[in-house]
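Written out below as structure tokens is the structure these notes cover.
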Amino acid sequence: MPTLKELTSYEDRLAGGHRLCAGCGASIAVRQVLLAAGDNPVVAACATGCLEVSTTIYPYTSWKIPFIHNAFENAAATISGVAAAFTGLKRAGKVDPDKKVNFVAFGGDGGTYDIGLQALSGALERGHDMVYVCYDNGAYMNTGIQRSSATPKGAWATTTEVGPVHQGKQHHRKDLTSIIAAHGIPYVGQASVSHWRDLTTKAEKAFAVKGPAFLNILSPCPRGWRSEPDQTVEVARLAVKTGFWPLFEVEGGIWHRTVAVRELLPIEEFLKTQGRFSHLLKPENAELLAEVRADVNAYWEYVSFMCR
């Protein structure tokens, strides 16, 4: 894996000057993933969402690589088709059989956990040589901060309001990383924008394997999380330190923890950085906070068991 100094000398494949919000975790995730793609050409597909609409405002583009815009639900289907076409060209003798191109799709949690899950599952089952990256910011941020199945329990969103009837989202967050691991693909990684070496190492592995690979990257959204733009990396780091977002990989079906946390911080340290959780810290919501804490602890224990 290249050193930090070496990585910073690489040309960015996502140019600066795009119109993503200040502090957006998605752009950090994309830049780190693309830095790990090495010298091979890269073709990217991108589901409709914050990342797409803010980096491709006509007539401009921030992408320095071939880029395909897809509907919300079909980024995985599109990139798998491009990868299949490339394989067909090799078989037909129209492309050097030794030529390596990295095919990658990016999607938010709305387009990945929810409406893109069918296309993603199909592409993984078919075994296409591609990488799918989910930048998980925990809601449909592009369309108005509506809840997704990645939204944590208790979180405020515009469709899970805080009021006299409910105190934020009532349901558990979907564990998409485990769902993808159950497909038996060569490589799955759960990463965070706060841990650059862990993220880029996982991305490098994802691009290197033959067949499908998946990365789920925690990517804070200051607008939707009601957090400070200059605290994005620290908020993501607290998610790791509190056990909310364990960092691990599933390589050839074997689970490994990639970043050890010797002593977990209280989950409140993560929650208090974000306005979407401010109601959980009020005395009248002590019972709901206890449920959130229990869910986080249970997930941590589950990952610990799988990685033993």
Side-chain angles (χ1 to χ4, degrees), residues 1-72 75-76 78-79 82-83 100-112 116 130-138 141-142 189 191-208 213-224 229-230 232-233 235-236:
M1 184 65 223
T3 65
L4 179 60
K5 184 176 181 180
E6 290 170 335
L7 282 175
T8 56
S9 69
Y10 293 176
E11 180 183 11
D12 274 329
R13 286 165 161 142
L14 181 71
H18 50 68
R19 302 184 193 184
L20 287 163
C21 297
C24 176
S27 60
I28 302 174
V30 171
R31 291 178 68 194
Q32 291 187 19
V33 167
L34 293 180
L35 284 174
D39 296 329
N40 295 316
V42 181
V43 176
C46 189
T48 298
C50 290
L51 179 64
E52 178 268 321
V53 301
S54 298
T55 58
T56 59
I57 298 176
Y58 183 81
Y60 306 105
T61 179
S62 298
W63 298 85
K64 297 183 177 181
I65 56 177
F67 176 87
I68 308 168
H69 167 221
N70 313 107
F72 230 141
T78 298
I79 202 66
V82 176
K100 170 68 174 175
V101 174
N102 290 321
F103 299 99
V104 58
F106 295 97
D109 51 273
T112 307
M130 51 170 270
V131 178
Y132 190 101
V133 179
C134 175
Y135 60 95
D136 185 341
N137 54 30
M141 299 303 182
N142 176 53
S192 169
V193 297
S194 58
H195 290 67
W196 69 268
R197 181 173 289 280
D198 180 72
L199 194 164
T200 53
T201 298
K202 287 171 178 170
E204 186 177 49
K205 288 183 177 182
F207 283 119
F214 176 83
L215 297 173
N216 199 8
I217 306 174
L218 187 68
S219 307
C221 169
R223 181 73 181 89
D230 63 350
T232 293
V233 171
V235 171

- Task: Report yes if the side chains of Leu34 and Phe106 come closer than 4.5 Å at any heavy-atom pair, otherwise no.
- Result: yes
Does Arg13 CZ have over 12 foreign heavy atoms under 6.0 Å away?
yes
One should read off an interatomic distance between Glu204 CD and Arg197 CZ, to the nearest 0.5 angstrom, of 10.0 Å
Evaluate the side-chain proximity of Tyr135 to Ile28: yes if any heavy-atom separation is below 4.5 Å, no if none is.
no
Between the OG1 atom in Thr112 and the CZ atom in Phe214, the distance rounded to the nearest 0.5 Å is 6.5 Å
Could you check whether any side-chain heavy atom of Cys50 comes within less than 4.5 Å of a side-chain heavy atom of Leu20, counting everything from C-beta outward? yes
So OG1 of Thr78 and NE2 of His69: to nearest 0.5 Å the spacing works out to 9.5 Å
Note: Lys100 and Phe207 closest approach over all heavy atoms is NZ-O, 3.6 Å
Under 4.5 Å between any side-chain heavy atoms of Leu35 and Asp12, yes or no?
yes
All heavy atoms of Ala236 vs all of Val193, minimum pair found to be CB-CG2, 3.9 Å
Closest non-hydrogen atoms of Ala44 and Ile65, given as atom of the first, atom of the second and distance, are CB-CD1, 3.8 Å
Heavy-atom closest pair (Ala37 atom, Asn102 atom, distance to 0.1 Å) is O-ND2, 3.0 Å
Taking every heavy atom of Ala26 against every heavy atom of Ser219, the minimum-distance pair comes out as N-CB, 3.8 Å
Separation between CD1 (Ile68) and CD (Glu52), nearest 0.5 Å, reads 12.5 Å
TODO: Please report the C-alpha distance between Asp109 and Asn137 in whole Å, then the side-chain angles of each, then the deciding distance to 0.1 Å, and finally whether the side chain to side chain contact (heavy atoms under 4.5 Å, CB included) criterion is met.
DONE: CA-CA 7 Å; Asp109 51 273; Asn137 54 30; 2.8 Å; yes
query: Thr232 side chain to Pro229 main-chain N or O, any donor-acceptor pair under 3.5 Å?
result: yes
Here the gap from Lys202 atom NZ to Asn216 atom CG, rounded to the nearest 0.5 Å, amounts to 10.0 Å
- Item | Verdict with supporting geometry, Val33 and Val131, side chain to side chain contact (heavy atoms under 4.5 Å, CB included) | CA-CA 10 Å; Val33 167; Val131 178; 5.7 Å; no
All heavy atoms of His18 vs all of Ser27, minimum pair found to be NE2-CB, 3.8 Å
Margin query: With a 4.5 Å cut-off on side-chain heavy atoms, are Val233 and Ser194 touching?
Written below: yes
| Can Thr55 and Trp63 be said to form a side-chain hydrogen bond (donor to acceptor under 3.5 Å, both in side chains), step by step? | CA-CA 7 Å; Thr55 58; Trp63 298 85; 2.8 Å; yes
| message | When you measure from the side chain of Asn40 to the backbone of Val101, do you find a donor-acceptor pair of N or O atoms at a distance under 3.5 Å? | response | no
One should read off an interatomic distance between Asn142 CG and Thr48 OG1, to the nearest 0.5 angstrom, of 8.0 Å
